[in-house]
Amino acid sequence: MMNMKYNTLLFPRKANQTNFSLFLLSMRLLFGSLLMTHGYAKLMGFAAMSASFPDPLGIGSRYSLMLAIFGELFCSVAFVFGFLYRLSMIPMIVTMAVAFFFAHGGSITGGELAFVYLVVFILMYMVGPGKYSVDHWMTNSGKRRR
């Protein structure tokens, strides 16, 4: 029979348990930093990319690139820290949906990475940031003062 300590490690019952929150933190660090690298590369190559960046929304290549940088770089930083978690994830999810469905035509062959990000971000949006996040700290610090 499995020890209770390992049972809760392998099968956490609550999303705010320490083990599950550590898992969520590691997912935020991993996927947030990976997406950040894409946004940083776009920011560094902004001048060269702004004229030829895909414009699936019809707002111009420059503005499409700016939105992609916002979703991939700035929102990823908030995502990593768990700050305004779900709000910061909306541009990330939209950016990955646009990348997968419009830039890659919904093809897993060409848009596999965008699809993986999209699925991970949707799942993480539903689960929440866990207790190792700025949002959790802010909501609990308000409860402690009362």
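Values reported hereafter were calculated over all heavy atoms of this structure, with side chains retained and with hydrogens, waters and symmetry mates removed.
For the pair L118 and A97, the tightest heavy-atom approach, listed with the atom from each and the gap, is CD1-N, 3.9 Å. In plain terms, the two heavy atoms of F46 and M66 that are nearest each other are CE1-CG, 3.7 Å. In terms of heavy-atom proximity, S76 sits nearest to M36 at CB-CG, 3.8 Å. Nearest heavy atoms, P91 versus S88: CD-O, 3.3 Å. Shortest non-hydrogen contact noted between L35 and Y117 is N-OH, 3.6 Å. Closest approach of Y132 and L25 over heavy atoms only: O-CD1, 4.0 Å.
Note that CG of L123 and CE of M27 are 8.0 Å apart. Values are rounded to the nearest 0.5 Å. To the nearest 0.5 Å, atom CD1 of residue I90 and atom SG of residue C75 are 9.5 Å apart. Separation of atoms NE2 (H38) and OG1 (T95) is listed at 12.5 Å; rounding is to 0.5 Å. Taking CE of M89 as the reference point, atom CD1 of I122 lies at 8.5 Å (rounded to 0.5 Å).
Surrounding CZ of F53 are more than 12 heavy atoms belonging to other residues, nucleotides or ligands, all under 6.0 Å away.
Evaluation of the salt bridge (Lys or Arg N to Asp or Glu O under 4.0 Å) test over residues 94-122, restricted to residues two or more places apart or in two chains, returns none. Applying the side chain to side chain donor-acceptor pair (under 3.5 Å) test to residues at least two apart or on different chains, none of the pairs has a partner in residues 24-36. Residue pairs satisfying the side chain to side chain donor-acceptor pair (under 3.5 Å) criterion with at least one member in residues 47-56, sequence neighbours excluded, are listed as follows: D55-S64. Applying the salt bridge (Lys or Arg N to Asp or Glu O under 4.0 Å) rule to pairs touching residues 72-100 yields K42-E72, sequence neighbours excluded. Listed by first and then second residue, the ring pair (Phe, Tyr, Trp, His ring centres under 6.0 Å) pairs that reach into residues 61-80 are F79-Y85, F79-F121, sequence neighbours excluded.
Legend: residues meeting side-chain contact (heavy atoms from CB on, under 4.5 Å) with A103, ordered by chain and number and at least two apart, are absent. In this structure, the ring pair (Phe, Tyr, Trp, His ring centres under 6.0 Å) partners of F115, at least two apart in sequence or on a different chain, are F100. Partners of L57 under the side-chain contact (heavy atoms from CB on, under 4.5 Å) rule, at least two apart in sequence or in another chain, are I59, L67, V98.
The backbone N or O of G130 lies less than 3.5 Å from no partner atom in the side chain of H136, so there is not a single donor-acceptor pair.
Between F81 and D135 the shortest side-chain heavy-atom distance does not fall below 4.5 Å. Inter-residue side-chain proximity for K131 and W137 is flagged as unmet; no heavy-atom pair is nearer than 4.5 Å.
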